[in-house]
Structure formats: C-alpha cells, structure tokens
Undergrad: 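After the structure tokens below, expect a handful of questions from me.
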2 protein chains.
Amino acid sequence: MARQARALATRQAVLVAAAEVFDERGYAAATMAEILDRAGVTKGALYFHFHSKEELALAVIEGQGAWIATWKPATDSPVQILIDLGYAFAHALLDDPLVRGSIRLTIEHGSFTQPQIAAYQGWIDLVRGLLEQAREAGELRPGVDPGAAAGVITGAVTGIQLSSQVLTDRRDLVRRIGELWTLLLPGLVEPRALARLSIADRTS
Amino acid sequence: MARQARALATRQAVLVAAAEVFDERGYAAATMAEILDRAGVTKGALYFHFHSKEELALAVIEGQGAWIATWKPATDSPVQILIDLGYAFAHALLDDPLVRGSIRLTIEHGSFTQPQIAAYQGWIDLVRGLLEQAREAGELRPGVDPGAAAGVITGAVTGIQLSSQVLTDRRDLVRRIGELWTLLLPGLVEPRALARLSIADRTS
DNA sequence: GGTAGGATACCTACCGGACGGTATGCGGCC
DNA sequence: GGCCGCATACCGTCCGGTAGGTATCCTACC
C-alpha cells in the first residue's frame, strides 16, 4: 500500500487533523478545508490517501480499536482491570486526538451506523468479558448479569465523558470517573472483593 | 406575538418537524428543506416564525424545560421520585419528538454551547435537589455527595439513552434504565430505604 | 553507477449542487 | 384597509469531490 516513509507521515498527519476536527465539530460540521489546513496538506494529497470524507471518518473510528489493542492490564483481578481501564480511557480522551475524534464519531449516529455499532459493541464485549471473569472468580454480587452490567457501565462511561465535555471541556473527567466507580461498585461486586480494590486512579 | 390560532398551529408543526429532523440527523446535517417538507409548510412561513436555523434549534431545546415543567411526582420519597423520573424521561424519549430532538441538540456540542450547558445543568440541579432531600430524610448512604452523585446519574442516564439509541434505536431503553437503577441504588441509598423502593417502571 | 521509465505521491484549478437566508408579493382575518 | 401570516422566486456562498498535470522515488538494465 503506502510504500514510502513520507507517505506514511502525511497520511498520519491527515488522520490526526481529521480526528481533531471531527472531535471539535462533529462529522457534518467538519469541513475538508479545515482538515486540510490543520494537516498542512493539499487536497490532492488527502484524496490520494482517503477517497472521501466518509472513508476518512471510518479510518478515524478505527483508531478506537487501535487504542484498545495497545492497552495492557497491570493486574489479574478482572474488576481492578475494569477500573484501571476506565481511568486509562479517560486519560486517552484527554491526550489522544484519535481516541477523541473516534469517540465523537461513534457517539454521533448518522450516515454510517454499522461501524459505530461495531465500535460500541467492542467495548461492551470487552467489559462483559471482564465481568464474566469476575463472576467466575466469585467477585461479583449474586444476581448481577454481566451482559446487563456491561451495557450499563459502557453507557455510563459514555455519558459521563460526554457531560464532562459539555460542561467543563473534560477538565473534571478523571474525577467524575472516580465518582462513577464509587457509586457503582457497591452494587456490582461482593463486599469482601470491594475491600481489595483500589478505586483511585492508578495511572502511572 | 402570534395572534391567530392558525399561526400557532403552523408554528407548532414547524417546531415538531424540526425536532424530528434534528433528532434524526443532528444540527449540522439537518436541512431546512427536510424540515419544511415534513412540516408541510413553505419557507416563508417558517422564517416568519423562526428567523434562522439556530433560533429554531434553540426553540427545540426549550422543549426540554417545558417537559420537565409538566412532570409531577406521584410520591413523596425523593429517591422514588428520582427513579420514577428516570422512567418517565425514558418514555418521553420514546414518545415526545420535542424531547428527542431537544436531547440530541443538547448532547451534541457545537455552535450554541450556552443553552446546552443550561439545559444540562437544569437536570443536574433537579437531581441534586432530590438527593439532598433524600439525605435529609436519611435515605442516602453516608459519604454520598449529592452533587457528585447527581453528575454521575445524569451522565449515566444520558449515556445509556445514547447507547440504546445507537444499538437498538431505543427499543431497550426502559429495560436499560431499570438495569441502571439496579446497579446504582445499592451504592446510593441506605439498605433499609432501598427495601422500600420500587425499582420497576411504575408508569401508569 | 548512471540512467531510463514506470509507479508512487502529491499539487492546482475547477465544478456542480445544495444550503441557509432574503426580497417581494398577496390574500384573508380584525 | 391595514397588518398578520404566509407563498414564491431568487441569491451568494461554501463544500465535497474530480481532472489532469507534476515531482519524487524505486527498480532494472546496461
């Protein structure tokens, strides 16, 4: 595909610029002109790498999966992994433009529903998997359905991230994630397992 | 202002049509042409009542406050009111186009940040007020901060509504709200108060 | 190791159309 | 008859996308 190092660099510049603009404006309000300007690239260069605005957006959405793939848990307690993942995701939302843009495009339902659902489902499956491990380890409260809980947790994180963005431009995001765990964990995990967990942000 | 009954009718038709289109497409992707078409009204009629697309969107956002104003609690337990409010809101999201459009416009941040924040803050204040009442009634668990919890709850409802919309077009919204309460309430209210609550949808 | 020549990577100018908004006219209720 | 409520036609702009040319690089053959 892309053979030269320079080509990869411009492609990446376009991708990051597009993610930023999509994050700030949303898909429909984002203009190619602004992406071009921010990437410092001409129209021809962009359309060489991405054939349309939609294809560019899809590539940005992919960045979400890429971020998940790079993340590695630092413990073997499934619930602790879940907590840490929440914080790690919060930091990624603050720092990584690709994640930011990807999330906004996923949340905004519009022309391309299919990849949005896929991205969403990826998160839910990840969380459900962790919760099922937790249940097998006896960490979950009885009666907690991993599938339902995974839906609630991903939804809650989505919404908290969103409200934090609208209200404070995500300045209080990490704190709010902490407050979510404080409120949510008593209904989710066994009291004795709860005592062993660290609810604080352990991001190194 | 609007003197004739016919004028009120067309104004309302425009408002509802706009809310629907905003709900389905978002602000930027919504076109005046589609709103016009759906309202069965001409351009002149619309621009007589609303001077711009933005003004129309702001009027739709107002509908949110209008809905809250009409809602009356059916109990005097603050936490039970909160639960009922969640379900009532879910049903409004399913049935009331103005609420649907209003929520989408509030959620997607864009040109008019000020009214969005106001609408959001209205919900948070409402929930916080209920939680403070609950604390005074001794229903809250010790250590629960009403302000923080209100932020978490509104955020969670927002996100759950959104994920339900993306994944199932809101078909499972009511069930998901129930799952949220199931998971959230143990961390929020005193066990003995929890026993007195009805977590199910009590919408008559 | 120099150069032909094709592929890769990119630039510039332009186009069709859709979109938000306006100007102006006109009928009907008070 | 006058203003409220609407209809119609039109306008300027901006936007996504394309056409076609050009530079840069890689490979191969001498």
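Letters go in sequence order (proteins before strands), and every chain restarts at 1. Since this is a predicted model, take the numbers as computed values, not measurements. For the numbers below, each heavy atom of this structure counts, side chains included, while hydrogens, waters and symmetry mates do not.
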Undergrad: Of the nucleotides dC6(D), dC10(C), dG17(D), which has the atom closest to the H49(A) side chain?
TA: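 Out of dC6(D), dC10(C), dG17(D), the nucleotide with an atom closest to H49(A)'s side chain is dC10(C).
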Undergrad: Using a distance-only test with no angle check, is there a side-chain donor-acceptor pair under 3.5 angstrom linking T106(A) and Q64(A)?
TA: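 Indeed, the side chains of T106(A) and Q64(A) share at least one donor-acceptor pair under 3.5 Å.
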Undergrad: Using five pairs at either end of the helix from dG1(C)-dC30(D) to dC30(C)-dG1(D), determine the angle between the two local helix axes and round it to 10 degrees.
TA: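 For the helix from dG1(C)-dC30(D) to dC30(C)-dG1(D), the axes at either end differ by 10°.
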Undergrad: As a test of reading the structure: which of dG17(D), dC6(D), dC10(C) is closest to the side chain of T10(B), going by heavy atoms?
TA: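 Within the option list, the nearest is dC6(D).
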Undergrad: Please report, rounded to the nearest Å, how far the P atom of dA19(D) is from the NE2 atom of H51(A).
TA: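 Going from NE2 in H51(A) over to P in dA19(D) covers 12 Å.
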Undergrad: Can you list the steps and then say if W123(B) with F89(B) is a ring-ring contact (aromatic ring centres under 6.0 Å, His included)?
TA: CA-CA 11 Å; W123(B) 280 101; F89(B) 179 60; 4.7 Å; yes
Undergrad: If you check the Y47(B) side chain, which of dA9(C), dG20(C), dG17(D) turns out closest?
TA: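 Nearest to the side-chain atoms of Y47(B), counting from C-beta on, is dG20(C).
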Undergrad: From CZ of R11(A) over to P of dC10(C), roughly how many Å is that when rounded to an integer?
TA: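 For the pair R11(A) CZ and dC10(C) P, the rounded distance is 12 Å.
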Undergrad: Compute whether any side-chain donor of one residue and acceptor of the other, for Y47(A) and S52(A), lie under 3.5 angstrom apart.
TA: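 No - no donor-acceptor pair under 3.5 Å links their side chains.
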Undergrad: Under 3.5 Å, is there a donor on one side chain and an acceptor on the other for Q165(A) and D169(A)?
TA: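 Judged by distance alone, the side chains do not pair up.
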Undergrad: Which nucleotide wins on minimum distance to the side chain of S52(B), given the candidates dG17(D), dG5(D), dG21(C)?
TA: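 Of the candidates, dG21(C) comes closest.
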Undergrad: Check for a donor-acceptor pair, side chain of Q116(A) on one end and backbone N or O of E108(A) on the other, with a separation under 3.5 Å.
TA: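 Yes, because the side chain of Q116(A) sits within donor-acceptor range (under 3.5 Å) of the backbone of E108(A).
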Undergrad: Students often get this wrong, so: under 4.0 angstrom with heavy atoms, is A30(A) touching a base, only sugar-phosphate, or nothing?
TA: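 Sugar-phosphate, backbone atoms only, no base.
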Undergrad: Just do the side chain to side chain donor-acceptor pair (under 3.5 Å) check on D96(B) and H91(B) with the steps written out, would you?
TA: CA-CA 8 Å; D96(B) 190 335; H91(B) 286 289; over 6 Å; no
Undergrad: Could you walk me through whether R202(B) and D84(B) pass the salt bridge (charged side-chain N to carboxylate O under 4.0 Å, His left out) test, one step at a time?
TA: CA-CA 7 Å; R202(B) 314 192 310 152; D84(B) 294 349; 2.6 Å; yes
Undergrad: Taking atom P of dT22(C) as reference, at what distance in whole Å does atom CG of L46(B) sit?
TA: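 These atoms are roughly 12 Å apart.
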Undergrad: With sequence neighbours excluded, what pairs up with E132(A) under the salt bridge (charged side-chain N to carboxylate O under 4.0 Å, His left out) test?
TA: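 Applying salt bridge (charged side-chain N to carboxylate O under 4.0 Å, His left out) to E132(A) gives R128(A).
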Undergrad: So, for A156(A) and L180(A), which heavy atoms are closest and what is the spacing to 0.1 Å?
TA: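 Between these two residues, the closest heavy atoms are CB-CD1, 4.0 Å.
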Undergrad: Given atom CG of L8(A) and atom C1' of dC10(C), what is their separation to the nearest angstrom?
TA: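 So the two atoms are 15 Å apart, to the nearest Å.
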Undergrad: Contacts to DNA chain D from residues 31-45 of chain A, heavy-atom cutoff under 4.0 Å, which residues?
TA: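 Listed by number, they are T31(A), M32(A), K43(A).
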Undergrad: Could you check how far CZ of F48(A) sits from P of dG16(D), rounded to whole Å?
TA: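 In whole Å, dG16(D) P and F48(A) CZ are 21 Å from each other.
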